[in-house]
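For clarity, every value in this text was computed on a predicted model and none was experimentally measured.
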Amino acid sequence: MNIAKTCTQAIMKAFGSLPLNFLYAIGKGLAFIMEKIMRYRYAVIITNLSRSFPEKKYDEIREIAHSFYRHFAAILAEAVWFGASDTKRLRQQQLCSIRNPELLDRLYKDAPSTMIMMAHNNNWEIVGGIPFYNYTDKPFPATEKNCCVTYKRLTNATWDAIMADNRKAVLLDKDNFEGYLESSQVMRYAVKHRSEHMFYLFIGDQSPYHNSVANIDLVFLNQKTRTMSGAATLANRMGHAVVYLSCRRESMGHYSWEFKEICTDASKVSVEYIMKMYYQLLEEDIKAQPANYLWSHKRWKTIFE
């Protein structure tokens, strides 16, 4: 038995059982501690913001950083709440809603499978609830049986296991869910399920693996950026449709999702085209809500001269 994992999950479960608004209140205090006392990655955040928005004055950069800490604490609160929830609680809260479920329904009929490319923007930790975010009578084909959520393994094995359980918490059959895969395992999984229409959810704005050779360099937020292009490469090889998942915070306790089509058959376009479109759409979302991106992430730690 992993005692650290058991104790941590028990604490998270206890806090997660509290009302979400109460967790938000706790989050405000946590944001103050991270920003003013711990100075959690403050230099990284200011540097990332300054390079991404060179037209902004320093006071504006500091204000975005301040708002980022508030947002970051809020998504931690939401993640803990999510991990202690079930389907009924999730739907009652309506933490997230989908604006255009009909797009996925069309691609479900017209494409072999669909690659959904998302990012560390707003709250990426609640993506496991995707089968339950459609509150309309419009068709929505994504289910526990045909959704595959990918992740990049954490260095700490205990926290990797904790986050895996947390991300699958609301699923009806979480113990038998096979679609939570480390990104390096997805190709084999996709080949195995090539006769089924699957939905693959990839976070695409991470730094690529050190030993990866098939990467594309482009400009993202005014900075040279090496992309993690595995999702686009997989879609290109297998002829999948590709969509970008745009996430916006509408109000505290509610996000809206909108799927934006990049291509219906990735084998007919280049991997570079997919990545350029993905980062272009992501940049639009970040500029609309600049505080809600993961600025503490050392995204640009590799410098290209």
Side-chain angles (χ1 to χ4, degrees), residues 87 96 98 100-119 124-134 138-154 160-161 163-206 208-209 212 214-215 227-245 257 259-271 273-275 277-278:
T87 304
C96 185
I98 296 171
N100 58 338
E102 65 276 3
L103 176 58
L104 288 196
D105 185 60
R106 174 171 63 80
L107 294 176
Y108 182 78
K109 297 171 183 175
D110 296 344
S113 284
T114 301
M115 185 70 63
I116 301 174
M117 295 184 67
M118 49 186 297
W124 58 94
E125 290 292 351
I126 59 174
V127 68
I130 188 173
F132 314 110
Y133 291 148
N134 178 30
K138 297 177 182 178
F140 191 65
T143 69
E144 290 185 30
K145 301 296 183 182
N146 63 8
C147 279
C148 176
V149 179
T150 67
Y151 70 100
K152 192 174 180 180
R153 184 178 289 112
L154 299 176
D160 190 68
M163 294 310 299
D165 289 345
N166 201 78
R167 290 162 179 162
K168 295 184 289 183
V170 300
L171 298 180
L172 299 173
D173 190 17
K174 61 179 75 64
D175 293 334
N176 296 307
F177 181 65
E178 298 180 350
Y180 184 72
L181 297 173
E182 209 277 333
S183 54
S184 63
Q185 303 172 330
V186 178
M187 177 62 80
R188 182 180 298 177
Y189 184 91
V191 171
K192 177 181 177 182
H193 293 272
R194 61 185 176 274
S195 62
E196 308 167 48
H197 190 118
M198 304 295 294
F199 293 98
Y200 297 95
L201 291 99
F202 268 83
I203 293 180
D205 62 330
Q206 295 168 305
Y209 293 103
S212 179
N215 299 308
T227 69
M228 188 175 186
S229 57
T233 300
L234 174 61
N236 174 266
R237 290 179 181 176
M238 304 195 73
H240 293 172
V242 181
V243 299
Y244 166 74
L245 174 54
W257 281 3
F259 298 106
K260 298 184 178 181
E261 185 176 324
I262 293 178
C263 61
T264 54
D265 182 353
S267 68
K268 296 181 178 179
V269 299
S270 67
V271 174
Y273 169 81
I274 295 171
M275 296 309 301
M277 288 298 299
Y278 166 77

Original post:
Can you check side chain to side chain contact (heavy atoms under 4.5 Å, CB included) on M228 and S183, steps first, answer last?
Top reply: CA-CA 10 Å; M228 188 175 186; S183 54; 3.8 Å; yes

Subject >> Criterion side chain to side chain contact (heavy atoms under 4.5 Å, CB included) on M117 and V242, from CA distance to verdict >> reply: CA-CA 7 Å; M117 295 184 67; V242 181; 3.8 Å; yes

Donor-acceptor under 3.5 Å ([X] side chain, [Y] main chain):
X    : Y    : value
S229 : A232 : no
H197 : P112 : yes
Q185 : E182 : yes
T150 : L181 : no

Considering non-hydrogen atoms only, spot the tightest contact between [X] and [Y] and give its length.
X    : Y    : value
F140 : P101 : CD1-CB, 3.6 Å
N100 : F259 : ND2-O, 2.8 Å
M115 : A231 : CE-O, 3.5 Å

Subject >> Verdict with supporting geometry, R167 and Y151, side chain to side chain contact (heavy atoms under 4.5 Å, CB included) >> reply: CA-CA 10 Å; R167 290 162 179 162; Y151 70 100; 4.1 Å; yes

**OP:** Fit a plane to each ring of Y244 and Y278, take the angle between them on a 0 to 90° scale, and name the class: parallel (under 30°), tilted (30 to 60°) or perpendicular (over 60°).
**Re:**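 Correct class here is perpendicular.
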
Original post:
Once the angle between the rings of Y200 and H240 is folded into 0 to 90°, is it parallel (under 30°), tilted (30 to 60°) or perpendicular (over 60°)?
Top reply: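 Parallel, since the angle between the ring planes stays under 30°.
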
**OP:** Determine, stepwise, if the pair F202 / V186 fulfils side chain to side chain contact (heavy atoms under 4.5 Å, CB included).
**Re:** CA-CA 10 Å; F202 268 83; V186 178; 3.8 Å; yes

For a quick test of your reading: what N or O donor-acceptor pairs under 3.5 Å do the side chains of residues 102-110 make, sequence neighbours left out?
{"unit_1": "D105", "atom_1": "OD2", "unit_2": "K109", "atom_2": "NZ", "d": "3.2"}
{"unit_1": "R106", "atom_1": "NH2", "unit_2": "E261", "atom_2": "OE1", "d": "2.4"}

Under 3.5 Å, which donor-acceptor pairs link side chains of residues 262-269 to any protein atom two or more places apart or in another chain?
{"unit_1": "D265", "atom_1": "OD1", "unit_2": "S267", "atom_2": "N", "d": "3.0"}
{"unit_1": "D265", "atom_1": "OD1", "unit_2": "S267", "atom_2": "OG", "d": "2.6"}
{"unit_1": "D265", "atom_1": "OD2", "unit_2": "S267", "atom_2": "OG", "d": "3.3"}

Original post:
Can a donor-acceptor pair be found between the side chains of T233 and N236 at a distance below 3.5 Å?
Top reply: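 N236 and T233 do not have a side-chain donor-acceptor pair below 3.5 Å.
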
Original post:
Say you draw a straight line from OG1 of T114 to CZ of F199; how long is it, rounded to the nearest 0.5 Å?
Top reply: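 These two atoms lie 5.0 Å from each other.
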
**OP:** Mind checking the CG-CG spacing from D165 to D175? Nearest 0.5 Å is all I need.
**Re:** 9.0 Å

